K.L.:
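Pasting in a structure now, in structure tokens, and then I'll have a few things to ask.
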4 protein chains.
Amino acid sequence: MLLQTVEQQLIEQGILADPQSPRGRLLAHAAKLFRNKGYQSTTVRDIAAAVGILSGSIFHHYKNKDAILKAVMLEGIYHSMGQMHAALEQAQGPKGKLRALIACELDSMNGSRGDAMTVVVNEWRFLSDGGQADILSLREEYEQLWISVLEQAFEQELLQCPPSVMRKLLYGAITWTDKWFRPDGELSEAQLIDEILKLAIR
Amino acid sequence: MLLQTVEQQLIEQGILADPQSPRGRLLAHAAKLFRNKGYQSTTVRDIAAAVGILSGSIFHHYKNKDAILKAVMLEGIYHSMGQMHAALEQAQGPKGKLRALIACELDSMNGSRGDAMTVVVNEWRFLSDGGQADILSLREEYEQLWISVLEQAFEQELLQCPPSVMRKLLYGAITWTDKWFRPDGELSEAQLIDEILKLAIR
Amino acid sequence: MLLQTVEQQLIEQGILADPQSPRGRLLAHAAKLFRNKGYQSTTVRDIAAAVGILSGSIFHHYKNKDAILKAVMLEGIYHSMGQMHAALEQAQGPKGKLRALIACELDSMNGSRGDAMTVVVNEWRFLSDGGQADILSLREEYEQLWISVLEQAFEQELLQCPPSVMRKLLYGAITWTDKWFRPDGELSEAQLIDEILKLAIR
Amino acid sequence: MLLQTVEQQLIEQGILADPQSPRGRLLAHAAKLFRNKGYQSTTVRDIAAAVGILSGSIFHHYKNKDAILKAVMLEGIYHSMGQMHAALEQAQGPKGKLRALIACELDSMNGSRGDAMTVVVNEWRFLSDGGQADILSLREEYEQLWISVLEQAFEQELLQCPPSVMRKLLYGAITWTDKWFRPDGELSEAQLIDEILKLAIR
DNA sequence: CATGAATGAGGGTTCATTCAT
DNA sequence: CATGAATGAACCCTCATTCAT
């Protein structure tokens, strides 16, 4: 609820796009293409064709291709943070909160809206310097959620290694699932969450 | 020594390039550029300029840009496997062997010859289908080294989770170090190896 | 009139280009350049410069250089067949019909739209295999017009030699006029037609 | 004999190459490649590979690619003229001489040494201006052989049309046989000669 | 807002030719 | 004479972006 307010505020501020709007549809298609083909291999024409418009029309919605990438990434991060905030509120204790974060990040990579977040991870270096600078504070805010939970666990001597290192190791392990994990495979999402949690917790 | 024999055989077979030769120098520069700028953002002219030749001359050494990428990857994998074989011979017990593998893979990403192996991980999807097919059996051989060691550890109930899952989680965690770990920072390479080992071993 | 209908249908079907349209102008310039310099010696920039656009713009109209060659050839063949059909309708008897065909083919090589047809003859081998396959049935249809008229003449014992041989000899003799015949020279087009007709008819 | 003297003189003068010599072998391979693939589509490397040397070595034999083309053409013309001179000496009367010329030209296009002469006809425009100028007088001498025979036939009212026109029509018909005539097909070479002769003679 | 022709810089690649060995 | 790495200009084609309609 608070969450939705935040998201809606962002939509009203023009930061995020309404999923029903032309811009929102464009972003969804762009995210999927960026994920599957990579940012550089996706042409503006590809996106336009997926949306059902012509290439020139793209630029009525976004200033340039870089702006599309940035918007996709913002969508991904905002959405993921929204889930994390909500999940943390319901979680109990450091271990429960860590489990919540792992579950959220795993879902943000592999779930129904995983396109945007995988793009954040895998196409980051293709975002222009200016775009990276604009998003960086948001990513730090995102990381801070993790760090604070990890520190709580560390203080209670639950963690295998220091929070800053643990975060990076977990980040690598979790984002890489994008390349191999299939939710409908032998290993269920819940099992995967537990396995990752076991790595982190002693 | 057996190892060096393997590498030399490959050089003689024309699979790997002599680091002193024009081809070897070309490969080293290409690997560094591919790592830093990405494969697609690196132009053939960039590589030629780095080597100190003109763009047309590139194609005397490699048929096309894709062949350069493939050669870089082969260098990376062969070199890494060489290190792993040697380290495994000297390691004692499942835990010692696992530590050896982690150390090797970490070094292959961050060590003095890390360019090639990071390219294998990060630019894989830009290798042509044919190129991927050619390398795939080698990658599987590489993975088999890991799996057999992990299975030994699993049988002795040392492992936190099943070998196939553990391998993928470790792979993500280790390869991601490329993005944040600096050997000359606060955390030493030896410490990082131990932290990762602790994740895997119960 | 029936003729014009055919041509217009083809234009509407997108097979032939409207001479006034950008594509039509492009084709006319390309045909002239291909005739004068040869297909391989004509660069895409040459064509663009002749049309008055930049090289990149060429590819908004045709997928690649090969497609331009194919389109030029289609124009040539369709135009020539149109003239032949119309002329045959008005011609009387085998000899009259043969004269009509000779006149048409001569005009298609040397007349105001001769660029396209000379390209068909002289640049055929530079058309891609796929392009040749696409056009082949049309060329066979074209040849069939000749063969049927020659067979009529042969049955009436007017012909110097069997139709299939006669056709090839005439084809060589007529298409070669492109290299030496000038309509404004001493020898008029009408005289040339008669001379060729005399070769064929006993 | 006189003929061979001429050819040998030319070889000694360095104008023609000894067929056994490296230059001669190079020319034979070049001629075949030029015929089959066209001059522009044949690379210097193609020729070198066919001969069994490396591309750089080509230029020890000929100054540049254009010089190879010129040499191939000279071979073709000299060889053809040699045949014509010999055949004319043995032929009786205008009709016999005309038949001899047709037979020679047909053989020069389709016979065992047809590569060189088809190159003269089909690749002429790719020879540099300087090269064309150098060969032109020889080609005129060649044509003069035809014209003088045709004029004799014309004076005896044997010819269907004036010599200059007849020559060009025959030239087109004969050279085109390269594209369709196969000596081992239904139509024998002797029959084809007769059919062509019938066209010319009333 | 949508269109789609045009832009123009830049990409990978080819190839005749040179030249030190 | 042969080699083969190097040259460098030119080629076809791509693509993000602009803009008149």
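These values consider heavy atoms only, across backbone and side chains, with no hydrogens, waters or symmetry-generated copies. Treat the numbers as computed from the prediction; the structure is a model and nothing was measured. We name chains A, B, ... by the order of the sequence lines, and we start the count at 1 in each one.
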K.L.:
Whether the side chain of Thr42(B) engages the backbone of Leu33(B) through a donor-acceptor N/O pair (distance < 3.5 Å, no angle test) should be reported.
P.N.:
yes

K.L.:
Mark yes or no for whether Ser21(D), through its side chain, and Asp18(D), through its backbone, hold a donor-acceptor pair below 3.5 Å.
P.N.:
yes

K.L.:
Quick one: Lys65(C) NZ to dC11(F) P, roughly how many Å, whole number?
P.N.:
9 Å

K.L.:
Which residue, Pro22(C) or Asp46(B), contacts DNA chain E at a nucleotide closer to its 5' end, judged by nearest heavy atom?
P.N.:
Pro22(C)

K.L.:
Any stems for DNA chain F, made of 3 or more Watson-Crick or G-U pairs in a row, each with both distances under 3.5 Å?
P.N.:
E:2-21 with F:2-21

K.L.:
Using 0.5 Å steps for rounding, measure from the CE atom of Met73(C) to the CG atom of Leu138(C).
P.N.:
12.0 Å

K.L.:
Show which side-chain atoms of residues 117-125 of chain A pair as donor or acceptor with protein atoms under 3.5 Å away, not counting sequence neighbours.
P.N.:
unit_1	atom_1	unit_2	atom_2	d
Thr118(A)	OG1	Arg35(A)	NE	3.4
Thr118(A)	OG1	Gly114(A)	O	3.0
Thr118(A)	OG1	Asp115(A)	O	2.8
Asn122(A)	OD1	Lys179(A)	NZ	3.4
Asn122(A)	ND2	Thr118(A)	O	3.1
Asn122(A)	ND2	Asp178(A)	OD2	3.2
Glu123(A)	OE1	Tyr39(A)	N	3.1
Glu123(A)	OE2	Arg125(B)	NH2	2.7
Arg125(A)	NH1	Glu123(B)	OE2	3.4
Arg125(A)	NH2	Glu123(B)	OE2	2.6

K.L.:
Under 3.5 Å, which protein N or O atoms sit close to an N or O of nucleotides 8-10 of chain F? Give each pair with its distance.
P.N.:
unit_1	atom_1	unit_2	atom_2	d
dA10(F)	N6	Arg45(B)	NH2	3.4

K.L.:
Between Phe59(B) (CZ) and dC11(F) (C1'), how many Å, whole number?
P.N.:
13 Å

K.L.:
Under the rule for side-chain hydrogen bond (donor to acceptor under 3.5 Å, both in side chains), what residues qualify as partners of Lys70(D), not counting sequence neighbours?
P.N.:
Asp134(D)

K.L.:
Ile47(C) has an atom CD1; how far is it from atom P of dC13(F), in whole Å?
P.N.:
10 Å

K.L.:
Return the 5'-most residue of the pair His60(C), Gln40(B) with respect to DNA chain E, ranking by each residue's nearest nucleotide.
P.N.:
His60(C)

K.L.:
Charged N to carboxylate O under 4.0 angstrom, Lys37(A) versus Asp46(A)?
P.N.:
yes

K.L.:
Select base, sugar-phosphate, or nothing to describe what Ser41(A) touches, counting heavy atoms under 4.0 Å on all strands.
P.N.:
nothing

K.L.:
Students should find this one: the first and last nucleotides of DNA chain E, 5' to 3', lying under 4.0 Å from a heavy atom of chain C. What are they?
P.N.:
dA5(E) to dG10(E)

K.L.:
Do the non-hydrogen side-chain atoms of Ser41(B) and Gln40(A) ever get within less than 4.5 Å of each other?
P.N.:
yes

K.L.:
Give a yes or no on whether the backbone of Gly76(D) and the side-chain of Arg113(D) come within a donor-acceptor separation of less than 3.5 Å.
P.N.:
no

K.L.:
What side chain to side chain donor-acceptor pair (under 3.5 Å) pairs are there with at least one residue in residues 57-66 of chain B, not counting sequence neighbours?
P.N.:
Asp66(B)-Ser128(B)

K.L.:
dC15(F) C1' sits how many Å from Ile58(A) CD1, rounded?
P.N.:
13 Å

K.L.:
Just call it for Ser21(B): base, sugar-phosphate, or nothing, with non-hydrogen atoms closer than 4.0 Å on any strand.
P.N.:
nothing

K.L.:
After noting the C-alpha distance and the side-chain angles of Ile68(B) and Ile58(B), does the key distance pass the side-chain contact (heavy atoms from CB on, under 4.5 Å) rule?
P.N.:
CA-CA 9 Å; Ile68(B) 301 175; Ile58(B) 291 271; 3.7 Å; yes

K.L.:
For Ile53(D) and Tyr39(A), find the nucleotide of DNA chain F closest to each by heavy atoms; which residue's nucleotide sits nearer the 5' end?
P.N.:
Ile53(D)

K.L.:
Find the distance between CG (Leu127(A)) and CD (Gln132(A)) and round it off to the nearest 0.5 Å.
P.N.:
5.5 Å

